[in-house]
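We use all heavy atoms of the structure for the numbers below, so side chains are in, but hydrogens, waters and symmetry mates are not. All chains are named by letter (A, B, ...) in the order of the sequence lines, taking the proteins before the strands, and each is independently numbered beginning at 1. Please read all numbers here as calculations on a predicted model, not as lab measurements.
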Amino acid sequence: MPTYYTYAIIHTPTEDAPLPGIGLGLNGRPIELIPVEETGLSLSVSEWPYAYAPPAATNISCILEHENIIERLMLITPVLPVRYGTLIADNEQFKSYLYQHRDAFLANLVHVTGRIEMGVRVFWIPPNLDVETETVATPGRQYLMARAQALSQNEKLYNAAQILADQICERLRKVAFDIRCQRLLTKRMLLSAACLVQKEDIELFRQETLSLCNVYTDLRFTISGPWPAYHFVTTEEKPIHHDNLFRVYR
Amino acid sequence: MDLELAVQQREATLLELLDRVLDKGVIIAGDLTISVANIDLVYLDLRILLASVDTLEKSLDEGLSYIGERDSVI
């Protein structure tokens with residue numbers, strides 16, 4: 001039974017709209033499609049001769065090649081990128097899995113059609129938060145007071161970040177079809193946003209980010225993309241909305 | 001753009017890429033995959049990668065940085 005290296009889930013090409021050639025896959029292997037009947041879905045793969053040994057996660061050239069292949073696919077058809085380094089061996093079992101989740105994957109494909117992902121990160125210098133101090137008598141009390149102060153500071157930081165990040169997300173939302181936001185992934189990273197943007201609106205999105213940069217002059221913005229819609233794939237088992245996810249920096 | 005900034009931006013783009021390729025995308029159910037690259041060993045802690053992005057950001061230009069503007073990957 002052959003082993004396959006996986007790239008992306010796509011619509012199964014039809015006779016009316018065949019998939020044009022997109023060149024070779026990882027390690028120069030041909031790219032093939034495993035269609036799943038009655039779903040309209042296919043998995044793009046390459047046969048993988050190294051059995052149980054996927055490419056290493058440290059292999060930057062393989063990672064770049066993997067991304068490059070997905071981007072080439074993305075130019076001709078909507079894609080749901082599969083996580084790097086995934087090998088499958090049992091086609092029938094895989095087809096059953098795809099069949100079982102067909103509605104979610106088809107909905108994802110509709111969601112990303114004609115759109116790309118742009119990344120925005122916003123950095124700040126956390127404000128110096130005034131925390132009331134109190135003279136303490138014993139080491140135990142001193143420790144507890146320090147813990148209480150730290151917690152209070154975290155909460156204030158959280159609230160300040162939440163307000164600022166929400167304002168920026170709202171502005172980005174106006175030029176994005178969908179958005180995933182995470183706040184305070186690190187102490188300085190106020191916001192990390194993945195935005196699903198109409199292909200024709202990329203320049204508009206950049207302009208909006210630039211205008212945000214001019215409004216919030218104390219913040220630093222970085223923008224990246226266009227990317228395949230990595231943040232906008234899911235199955236029924238994994239909720240699609242992460243807007244409320246807030247990781248407090250520790 | 002000077003060479004140093006170009007190198008920094010390339011590194012930043014690579015970090016953005018790693019953040020997506022190694023941590024996002026479709027996860028095919030574990031019992032169907034015979035193996036997934038030993039990402040956990042490299043991607044030990046998301047914060048390590050994010051801290052790298054954080055560090056790189058400090059060295060980029062003031063204002064807005066287009067760290068991923070590209071025709072194709074990097």
Query raised in the report: Salt-bridged, A:Arg121 to B:Glu16, with N to O below 4.0 Å?
Result: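 Looking at B:Glu16 together with A:Arg121, the answer is yes, because their closest N to O distance falls below 4.0 Å.
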Query raised in the report: Are A:Tyr230 and B:Asp19 close enough that some pair of their side-chain heavy atoms sits under 4.5 Å apart?
Result: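 Side chain of A:Tyr230 against side chain of B:Asp19, heavy atoms only: no contact under 4.5 Å found.
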Requested in this report: Please examine the side chains of A:Glu117 and B:Arg20, heavy atoms only from C-beta on, and report whether any two atoms are closer than 4.5 Å.
Outcome: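 Side-chain contact under 4.5 Å: yes.
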**Report entry** Which atoms of A:Ile60 approach chain B - backbone, side chain, both or neither, heavy atom under 4.5 Å
**Finding:**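 A:Ile60 touches chain B through side-chain heavy atoms alone.
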**Report entry** Region of A:Ile9 that comes under 4.5 Å of a non-hydrogen atom in chain B
**Finding:**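 The side chain, not the backbone.
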Query - Crowding at CG, A:Asp218 (>12 non-hydrogen neighbours, <6.0 Å) - result: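 It does not: A:Asp218 CG has 12 such atoms or fewer within range.
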Query raised in the report: Quick one: of A:Ser96, A:Gly119, A:Ala194, A:Pro81, who has the most non-hydrogen atom pairs under 4.5 Å with chain B?
Result: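 Greatest number of close heavy-atom pairs with chain B: A:Pro81.
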Requested in this report: Mark yes or no for whether A:Arg83, through its side chain, and B:Val21, through its backbone, hold a donor-acceptor pair below 3.5 Å.
Outcome: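 No, the answer is negative, given that no donor and acceptor are paired below the 3.5 Å cut-off.
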Query - A:Tyr84 and its side chain to side chain contact (heavy atoms under 4.5 Å, CB included) partner, picked from B:Leu17, B:Leu22, B:Leu18 - result: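 Between A:Tyr84 and the candidates, side chain to side chain contact (heavy atoms under 4.5 Å, CB included) is satisfied uniquely by B:Leu22.
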